[in-house]
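When a ligand or atom number is given, it counts from 1 through the structure's own listing order. Residues take their numbers from the sequence shown, with the count starting at 1. Keep in mind it's a predicted model, so treat the numbers as computed, not measured.
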Amino acid sequence: MPATNRQAPSLISVVLPFYNEAASVDALMTRLLEVLDHQPVPYELICVDDGSGDETWLQLSAWREKNDAVTLIGLSRNFGKEIAITAGLDAAEGDCTVIMDSDLQHPPEVIGEMLAKWKEGFDVVTGVRRDRATDGLARRALSKLFYRAFNALSPTPITPDAGDFRLLDRKVVDAIRRMRERARFMKGIYGWVGFKNTAIPFDVEERAHGRSSFSPFRLFALAFDGILSFSTAPLRLAMYVGGIIALLAIALGSYYLVRTVIYGIDVPGYASIIVSTLALSGFTMLQIGVTGLYLGRIYDEVKARPLYLVREMVLREGAHAGADRAATVRHLKTLV
Ligand code: UDP
Ligand code: MG
């Protein structure tokens, strides 16, 4: 139990990434504002349009007209959910920030409970899905496998079934803002920053409209990306397997040497040569591939491109633009 009890926050930020969610915007905003208007705390809503090709931006603009607490950030193209969330966190000014999906799978009503936990002194309140009924059987099994593999390979533990529905304290948001790596696996990033964590269960709802933009292939790529970002175990694999093969070779060599000395040369074996050549070259190529994966990521990171570009931005009324935030805004303006 954390020692500190907090007063009500002076501002709470809600970060929402939108990608082709025009059909959910109205229902989401109505439900979310209903919840927030009942909190005795000022709020800001940071809506990030992640390069949607539909009417999302128009719909959001209509809500901005009605509500001064809405900030709109339109990215120049689709950068992916993780980066859209990062753009939202960059703009968040609240004492605490809630991140949630915009497809109504994360019930806004849980925000009240999250806030209560924050007041108790927790820095990260993670929404954990009570069950994964909305996912198919294969997705459930694979995600279980992924969490196992990740936690076995990476020194940074992550909580199974915890997604991006979270409340983060100011200092956690500031910590995450300092991590500008391009390969952004948010679950790993939350795990890496640490701080006082607690979880609250919630029931994930069916998607209000449309379909998940994460195809099995994209999920697989994401899982792969996550492991590569937070583990160097695959690189060590070569050392272990190589070591074992070298020991075997020494043992086998000694055996043949002794046998040749005692019995002389007998019939040469093609099979053993072919098999060992194939096995060794196969393994070598595999490991060159793994090394290449890491190399490719180093290449991506050293280019140090901006994480995202802003096409258009409408700040909320009274956004007070702290020093480095003003710099971010200026920086973004020179880019667009
Ligand atoms: N999203 C995004 N950019 C993307 C894909 C998704 O901002 O490239 C948003 C999307 O609008 C939604 C959230 O991320 O608010 C979760 O996406 P989705 O529902 O497709 O994923 P799932 O719930 O299946 O994990
Ligand atoms: Mg969803």
Side-chain angles (χ1 to χ4, degrees), residues 14-29 31-32 45-60 63 70-92 97-108 110-111 126-140 142-144 146-147 158-166 182-190 202-223 225-226 307-312:
V14 181
V15 169
L16 301 146
F18 290 81
Y19 181 53
N20 294 341
E21 303 283 6
S24 323
V25 170
D26 284 347
L28 169 78
M29 294 302 248
R31 233 173 105 183
L32 186 58
L45 279 189
I46 300 171
C47 303
V48 183
D49 176 15
D50 186 14
S52 299
D54 65 358
E55 310 264 276
T56 301
W57 181 261
L58 277 180
Q59 302 267 355
L60 287 173
W63 281 93
V70 175
T71 281
L72 300 183
I73 301 175
L75 302 185
S76 61
R77 62 169 170 86
N78 179 241
F79 282 89
K81 177 185 176 182
E82 325 280 289
I83 286 186
I85 289 176
T86 306
L89 290 180
D90 285 348
T97 300
V98 175
I99 304 169
M100 57 189 288
D101 283 2
S102 55
D103 56 3
L104 279 171
Q105 287 200 284
H106 296 162
V110 179
I111 293 177
T126 307
V128 177
R129 308 166 63 156
R130 255 199 205 103
D131 66 59
R132 304 185 65 103
T134 54
D135 286 348
L137 215 62
R139 185 164 167 180
R140 260 184 279 174
L142 284 175
S143 75
K144 209 166 163 186
F146 165 69
Y147 286 117
I158 57 172
T159 326
D161 298 335
D164 283 307
F165 192 18
R166 288 171 200 248
R182 300 197 47 74
R184 301 188 76 74
F185 179 61
M186 289 309 283
K187 286 177 190 162
I189 287 178
Y190 301 130
F202 74 98
D203 289 309
V204 66
E205 294 179 19
E206 288 289 350
R207 224 173 189 291
H209 297 275
R211 287 189 21 226
S212 166
S213 43
F214 289 87
S215 61
F217 182 72
R218 198 167 161 193
L219 280 174
F220 186 76
L222 196 70
D225 231 41
L307 283 181
Y308 55 87
L309 296 177
V310 175
R311 177 195 71 222
E312 212 173 331

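- Neighbours of the Mg ion (ligand 2) restricted to protein N, O or S atoms under 2.8 Å: the count is 2.
- For ligand 1, the atoms sitting less than 4.0 Å from at least one non-hydrogen atom of Glu21 are 10 (C), 11 (O), 12 (C), 15 (O), numbered in the order shown with element in parentheses.
- Side-chain contact between Tyr190 and Thr126: absent, with no pair of heavy atoms (C-beta onward) separated by less than 4.5 Å.
- Summary of contacts: the protein heavy atom closest to atom 24 (O) of ligand 1 is Ser212 OG, 2.6 Å.
- Side-chain atoms of Ser76 do not come within 3.5 Å of backbone N or O of Arg311 as any donor-acceptor pair.
- Taking distance alone, with nitrogen or oxygen atoms compared against 3.5 Å, Pro17 approaches ligand 1 more closely than that limit.
- Thr56 approaches Glu21 most closely through the heavy-atom pair OG1-N, 3.1 Å.
- No side-chain heavy atom of Ile85 sits under 4.5 Å from any side-chain heavy atom of Val48.
- Panel note: side chain Asp50, backbone Gly80; a donor-acceptor pair is recorded below 3.5 Å.
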Report task. Go through the steps to decide whether Ile158 and Phe185 satisfy the test side-chain contact (heavy atoms from CB on, under 4.5 Å), and finish with yes or no. Result -> CA-CA 11 Å; Ile158 57 172; Phe185 179 61; 4.3 Å; yes

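- Regarding atom 16 (C) of ligand 1, its nearest protein heavy-atom neighbour is Asp101 OD2, 3.3 Å.
- Distance from atom 3 (N) of ligand 1 to its nearest protein heavy atom, with residue and atom name: Asp50 OD2, 2.6 Å.
- Between Thr97 and Ile46, every side-chain heavy-atom pair lies at or beyond the 4.5 Å cut-off.
- The nearest protein atom to atom 1 (N) of ligand 1, hydrogens excluded, is given as Tyr19 CB, 3.6 Å; this is a heavy-atom distance.
- Of all protein heavy atoms, the one closest to atom 6 (C) of ligand 1 is Ser213 OG, 3.3 Å.
- A donor-acceptor pair under 3.5 Å links the side-chain atoms of Glu82 to the main chain of Met186, judged by distance alone.
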Query raised in the report: So Arg129 and Phe202, side-chain contact (heavy atoms from CB on, under 4.5 Å) or not? Walk me through it.
Result: CA-CA 5 Å; Arg129 308 166 63 156; Phe202 74 98; 4.0 Å; yes

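- Taking 4.5 Å as the limit, some side-chain heavy atom of Ile111 sits within range of a side-chain heavy atom of Met100.
- With hydrogens and angles ignored, the 3.5 Å screen pairs no side-chain donor or acceptor of Asp101 with any backbone N or O of His106.
- Scanning the protein heavy atoms around atom 25 (O) of ligand 1, the nearest turns out to be Arg139 NH2, 3.7 Å.
- Protein heavy atom at the shortest distance from atom 18 (P) of ligand 1 is Arg207 NH2, 3.5 Å.
- Atoms of ligand 1 found under 4.0 Å from any heavy atom of Phe18 (numbered from 1 in listed order, with element): 7 (O), 11 (O).
- In summary, the atoms of ligand 1 found under 4.0 Å from a heavy atom of Asn78, numbered by their order in the structure, are 3 (N), 4 (C), 8 (O).
- Taking atom 17 (O) of ligand 1 as the reference point, the nearest protein heavy-atom neighbour is Phe214 CE1, 3.8 Å.
- Within the 4.5 Å cutoff, side-chain heavy atoms of Asp90 are placed close to those of Tyr308.
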